[in-house]
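Both backbone and side-chain heavy atoms feed into the values below; hydrogens, waters and symmetry mates do not. All chains are named by letter (A, B, ...) in the order of the sequence lines, taking the proteins before the strands, and each is independently numbered beginning at 1.
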Amino acid sequence: MSSWDRFVETFFNAKVMAKYLPDIAYGMLVTIELAALVIVSGILAGLALALLRSLGFRAVNLVIVFVVDLFRSLPPLVIIVFIYFGLPSVEVSPSGFVSTWLSLALVLMAFSEEIFWAGITSIAKGQWEAARSTGLSYGQTLMNVVLPQAIRLTIPPLTNRTIAITKGTALGTVVAVSEILGMASSAVSNSYNPSPLTLGAGAYLILFFPMVVLGRWLETRMRWKR
Amino acid sequence: MRLVVEARGVHKHFGALHVLKGVDLSVAERELVFVIGPSGSGKSTLLRCLNRLEQPSSGSVVVDGVDILDPRTDINRARQRIGMVFQSFNLYPHMTALGNVALALRKVAGKSRAQADELGRAALARVGLADRAGHKPGELSGGQQQRVAIARAIALEPRVMLFDEPTSALDPELVGSVLGVMRNLRESGMAMVVVSHEMGFARNAADRVVFMDHGVIVEEGTPAAIFESPRQERTRAFIGQIQRH
């Protein structure tokens, strides 16, 4: 057996792949589910915090900034482990899925709050003044004039950050979430062959490659328009 | 003669800086008051105090019978009666010209989308831009943008219009179109307060010229009085300076 054959046999074993394809497909569904939950809840929570921060209550803002900095500095894995293994000691026992979702959503919330906040503060003061001078309230100005412009600016950095954090769904494997990597690694230990990992890598590519391309496209498109 | 704007003893501090030192300014119906003065004299701050974009440190400001410094006053409602036009246009770049004009009509004046669009188009027609309703600000010249900004303000049918150096950011060849719109507005009887360096416009359109320096009104009078025979030395020096250029 040549070394090439051995390589193919090890990483691209067709029999093993065929056998575990349904498992990986199931893992993909779980990853998609987890990713969708993380993206929606993380970004909405981040936007809500940024809007709250724009009201300018000093005490509230100190808390927001602290929470945001906290979750920006902790590694997501540490938060996952903390929630999954730590919370049961206070009689709350989230599943691995919920622990991973919460952790990544909190991290995405923190980063997206910063991105939205930067977007809101980058809108010229004159926009606020023009809108307020026509009688629009603070909230109306924020929603109709400032936010639509700010969100436009935030889309490229937000897309990149979202992709980076959403890939962290693979960390769920540590707390027994049956997402792609989790399914792939148990298939590897059952089959004594790493080919399922190749399948898993393929599954990640199918999910995230289009997102990366979309991110790049948005980035160039936004740059032209400004 | 009914007063549309009545500002009394207006002071404004920015930290240690005393920008307005007790300014009285009244504007009657149909009157055009022109405010001149060196930069830093407080003229823009005064204008911004009239619609409470700046909160005066003390004094009183009554516009169309409403005390706009009273905390019980609904300032958003009061501001509908006070149109403002800015040096840098400040159009909303993500909306069309019509969108810019219609936004406050819908959100503040409570018009339906159809009504707001109709009133918006009428306002754009008044500034000669009926054919630019669907254009974004980025597709318009500076002069056109400023005319859209004027349309945005007059669409709400204000009782007085405040102009803060409306032509200062324009290329010289575009100034005329904006001044033309302002002249039409004046002929329609709109009360106006104009902070500007367009002395030619002041001479032939203003009812009264107010000269400000160091946060006080130094002298006011008819354009002829202020430009031809100023009584105060500071006014004379300022007029002399701008006429030399």
Side-chain angles (χ1 to χ4, degrees), chain A residues 43 46-47 50-52 54-58 61 112 115-159 214-215 217-226, chain B residues 44 47-48 50-54 68 73-95 99-110 116 120 123 136-139 145-146 148-158 160-164 169:
Chain A
I43 289 179
L47 180 59
L51 293 179
L52 186 60
S54 79
L55 294 178
F57 300 118
R58 237 182 107 76
N61 287 5
S112 58
I115 293 171
F116 283 126
W117 178 245
I120 290 172
T121 51
S122 72
I123 301 305
K125 202 168 149 239
Q127 292 287 309
W128 283 98
E129 293 181 344
R132 295 306 305 274
S133 78
T134 61
L136 289 167
S137 68
Y138 178 89
Q140 286 173 326
T141 304
L142 188 62
M143 288 312 192
N144 295 284
V145 175
V146 174
L147 213 49
Q149 298 180 56
I151 283 179
R152 209 188 151 72
L153 296 174
T154 59
I155 281 176
L158 194 59
T159 313
L214 175 77
W217 179 75
L218 282 173
E219 207 162 348
T220 45
R221 206 181 88 105
M222 296 297 162
R223 204 179 294 140
W224 287 335
K225 282 277 176 73
R226 285 200 56 215
Chain B
S44 282
L47 207 60
R48 295 159 61 83
L50 299 182
N51 68 350
R52 221 170 87 186
L53 275 186
E54 300 292 354
I68 69 158
T73 297
D74 180 350
I75 188 66
N76 297 324
R77 212 184 150 80
R79 279 178 179 151
Q80 277 187 74
R81 301 156 183 236
I82 314 168
M84 187 158 195
V85 173
F86 301 84
Q87 180 176 353
S88 48
F89 327 139
N90 298 345
L91 293 182
Y92 317 133
H94 58 301
M95 294 182 188
N100 268 273
V101 179
L103 181 66
L105 286 169
R106 285 196 289 128
K107 302 288 175 183
V108 184
K136 293 269 181 73
E139 302 160 351
Q145 289 188 51
Q146 192 61 298
V148 173
I150 294 173
R152 174 170 68 183
I154 61 174
L156 293 161
E157 297 180 352
V160 58
M161 284 282 293
L162 312 176
F163 289 85
D164 190 4

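- Proximity to chain A (any heavy atom under 4.5 Å) is shown, for B:Tyr92, by both the backbone and the side chain.
- Your options are B:Leu91, B:Val85, B:Ile82, and the one with the most heavy-atom pairs under 4.5 Å with chain A is B:Leu91.
- Between chain B and the options A:Gly135, A:Gly126, A:Ala131, A:Pro148, the largest number of non-hydrogen pairs under 4.5 Å is found for A:Gly135.
- Going from atom CG of B:Asp74 over to atom OG of A:Ser137 covers 9.5 Å, rounded to the nearest 0.5 Å.
- Exactly one residue among B:Arg79, B:Arg52, B:Met84 makes a side chain to side chain contact (heavy atoms under 4.5 Å, CB included) with A:Arg132. That residue is B:Arg79.
- The distance from atom CD of A:Gln127 to atom NE2 of B:His94, rounded to the nearest 0.5 Å, is 7.5 Å.
- The most heavy-atom pairs under 4.5 Å with chain A, out of B:Gly83, B:Pro93, B:Ala104, B:Ala153, come from B:Pro93.
- Of the atoms belonging to A:Glu129, heavy atoms from both backbone and side chain fall under 4.5 Å from chain B.
- The part of B:Arg48 that comes within reach of chain A is its side chain, from C-beta onward, which places non-hydrogen atoms under 4.5 angstrom from that chain.
- Interface check for chain A: of the options B:Leu53, B:Ile75, B:Asn51, B:Leu162, the most heavy-atom pairs under 4.5 Å are formed by B:Leu53.
- Nearest heavy-atom pair across B:Lys107 and A:Leu136 is CB-CD2, 3.4 Å.
- Counting only heavy atoms from C-beta outward, the side chains of A:Thr134 and B:Leu103 never approach each other to under 4.5 Å.
- Annotation for B:Glu139: atom CD counts as buried by contact number, over 12 foreign heavy atoms lying within 6.0 Å.
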